[in-house]
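Predicted model only: the values in this text are computed from it and were never measured. By convention here, the first residue in the shown sequence is residue 1.
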Amino acid sequence: MSVPVSVVVAVHNEEGATPQVVQELKSVFDAGLGAGNYELVFVDDKSTDATPQVLSGLKASVPELRVIRHENNVGKSGGVFTGVLHARGDIIAMMDGDGQNPASDVLKVAQMLMAADTSVGMVAGERRRRQDTASKKWASRWANGIRRNLLKDGSNDTGCGIKAIRRDLFLRLPYFDNMHRYIPALVNREGYVTLFEPVDDRLRTTGSSKYTNWGRLKNALTDLPGVMWLNSRRRLPGRTTEV
């Protein structure tokens with residue numbers, strides 16, 4: 001059965017944050033969209049802690065919750081991709097599973113996209129008052145500046161997990177590991193507009209980050225030239241009509 005919105009959350013070793021994230025999403029989306037008008041698709045990326053058991057235990061009290069588990073660990077982009085493949089909603093709302101993304105902001109970007117013109121393919125969050133170490137914020141500003149200048153994607157914060165995108169559009173994007181940092185550029189590549197909306201960021205209270213500054217730099221140096229090549233090879237046909 002289809003629903004207007006699917007919230008997709010990829011998690012790995014987030015047993016401490018998962019109950020809060022699920023319950024907060026249910027409360028916010030029940031109030032904003034109404035029960036039965038959304039689903040929560042959590043993809044467990046082969047956690048080695050109790051995350052799968054915690055999620056399974058929540059299903060009894062959260063009927064909107066669906067839990068998909070990977071046999072192999074494939075990272076955040078792979079988890080999101082799996083979630084979108086299994087989703088039943090026309091609008092995909094994405095967020096991180098560590099508790100740093102407020103559910104109210106996830107609902108906000110989803111509703112913005114639902115109300116937007118069809119030329120808008122995505123609404124992406126940009127974190128204000130980011131709750132990270134000085135070195136992590138510096139590394140992100142540096143990487144975001146280089147990416148923005150080379151790809152002209154208009155995004156100041158592609159690392160923000162809060163996004164809402166049309167499902168059919170997402171499935172047209174070229175998939176590769178770590179693609180989640182390049183979704184605005186890939187959306188533009190398909191001829192759609194991305195809107196950017198300020199969102200809040202909270203301190204992580206459980207678990208640990210899955211990324212290092214060096215890891216982000218390594219991925220950027222590897223992926224950025226590839227995305228530039230992909231963009232250079234795309235030709236859009238404009239409006240199509242059947243005769």
Side-chain angles (χ1 to χ4, degrees), residues 1-11 14 17-18 20-45 55 58 62-68 76-118 120-128 155 157-173 175 179-184 186-187 190 192-202:
M1 182 178 68
S2 64
V3 291
V5 177
S6 296
V7 182
V8 171
V9 188
V11 291
E14 296 289 0
T18 297
Q20 172 207 331
V21 173
V22 171
Q23 296 294 350
E24 184 182 352
L25 281 168
K26 177 171 175 54
S27 176
V28 168
F29 275 76
D30 275 353
L33 295 183
N37 290 315
Y38 69 93
E39 64 176 359
L40 309 177
V41 183
F42 274 65
V43 179
D44 177 68
D45 191 28
L55 284 169
L58 289 166
V62 184
E64 298 83 4
L65 178 62
R66 300 172 60 202
V67 182
I68 315 297
K76 178 178 176 178
S77 287
V80 170
F81 188 72
T82 293
V84 176
L85 286 176
H86 283 81
R88 301 168 181 151
D90 294 328
I91 300 294
I92 303 295
M94 306 175 193
M95 68 178 294
D96 291 336
D98 56 14
Q100 290 191 259
N101 297 156
S104 57
D105 283 332
V106 182
L107 174 64
K108 176 173 65 173
V109 298
Q111 290 178 319
M112 287 178 63
L113 184 57
M114 292 170 75
D117 184 86
T118 55
V120 178
M122 181 172 72
V123 179
E126 292 188 335
R127 290 166 290 187
R128 54 193 171 192
S155 176
D157 184 17
T158 58
C160 179
I162 297 178
K163 296 179 177 70
I165 186 171
R166 302 187 190 279
R167 182 176 183 269
D168 60 343
L169 169 59
F170 182 91
L171 293 175
R172 284 162 50 185
L173 305 182
Y175 172 78
M179 69 170 287
H180 62 275
R181 297 187 180 278
Y182 296 94
I183 294 180
L186 297 174
V187 167
E190 295 299 320
Y192 285 83
V193 174
T194 296
L195 302 181
F196 299 97
E197 178 68 14
V199 298
D200 288 323
D201 189 44
R202 301 184 294 208

Do [X] and [Y] have side chains that get closer than 4.5 Å, going by heavy atoms?
| X | Y | answer |
| --- | --- | --- |
| Val9 | Leu40 | no |
| Lys108 | Val123 | no |
| Arg127 | Val199 | yes |
| His180 | Val80 | no |
| Arg167 | Ser6 | no |
| Leu173 | Ile165 | yes |
| Phe170 | Lys163 | no |
| Gln111 | Leu33 | yes |

Minimum-distance pair of heavy atoms, taken over all atoms of [X] and [Y]:
| X | Y | value |
| --- | --- | --- |
| Pro198 | Arg128 | CB-NH1, 3.7 Å |
| Val3 | Gly36 | CG1-O, 3.7 Å |
| Tyr175 | Gly78 | OH-CA, 3.2 Å |
| Cys160 | Glu126 | SG-N, 4.3 Å |
| Ala103 | Phe29 | O-CE1, 4.1 Å |
| Arg166 | Asp117 | NH2-O, 3.2 Å |

State the CD1-CD distance between Ile162 and Glu197, to the nearest 0.5 angstrom. 10.0 Å
Which distance, rounded to the nearest 0.5 Å, do you find between the OG1 of Thr118 and the CG of Leu169? 11.5 Å
For Asn101, the side chain to side chain donor-acceptor pair (under 3.5 Å) test, sequence neighbours excluded, returns none
Who passes side chain to side chain donor-acceptor pair (under 3.5 Å) against Thr194, sequence neighbours left out? none
Between Asp45, Val21, Leu55, which is the residue that forms a side chain to side chain contact (heavy atoms under 4.5 Å, CB included) with Val11? Leu55
One pair to check against side chain to side chain contact (heavy atoms under 4.5 Å, CB included): Val28 and Val106. What are the steps and the verdict? CA-CA 9 Å; Val28 168; Val106 182; over 6 Å; no
Under the side chain to side chain donor-acceptor pair (under 3.5 Å) rule, what pairs show up with a residue in residues 83-97, not counting sequence neighbours? Lys76-Asp96
Applying side chain to side chain contact (heavy atoms under 4.5 Å, CB included) to Tyr38 and Leu107, what does each step give before you reach the verdict? CA-CA 10 Å; Tyr38 69 93; Leu107 174 64; over 6 Å; no
Gln23 and Val62: CA distance, side-chain angles, deciding distance, side chain to side chain contact (heavy atoms under 4.5 Å, CB included) verdict: CA-CA 8 Å; Gln23 296 294 350; Val62 184; 4.0 Å; yes
Begin from the C-alpha positions of Leu25 and Met95 and carry the test side chain to side chain contact (heavy atoms under 4.5 Å, CB included) through to its verdict. CA-CA 10 Å; Leu25 281 168; Met95 68 178 294; 3.5 Å; yes
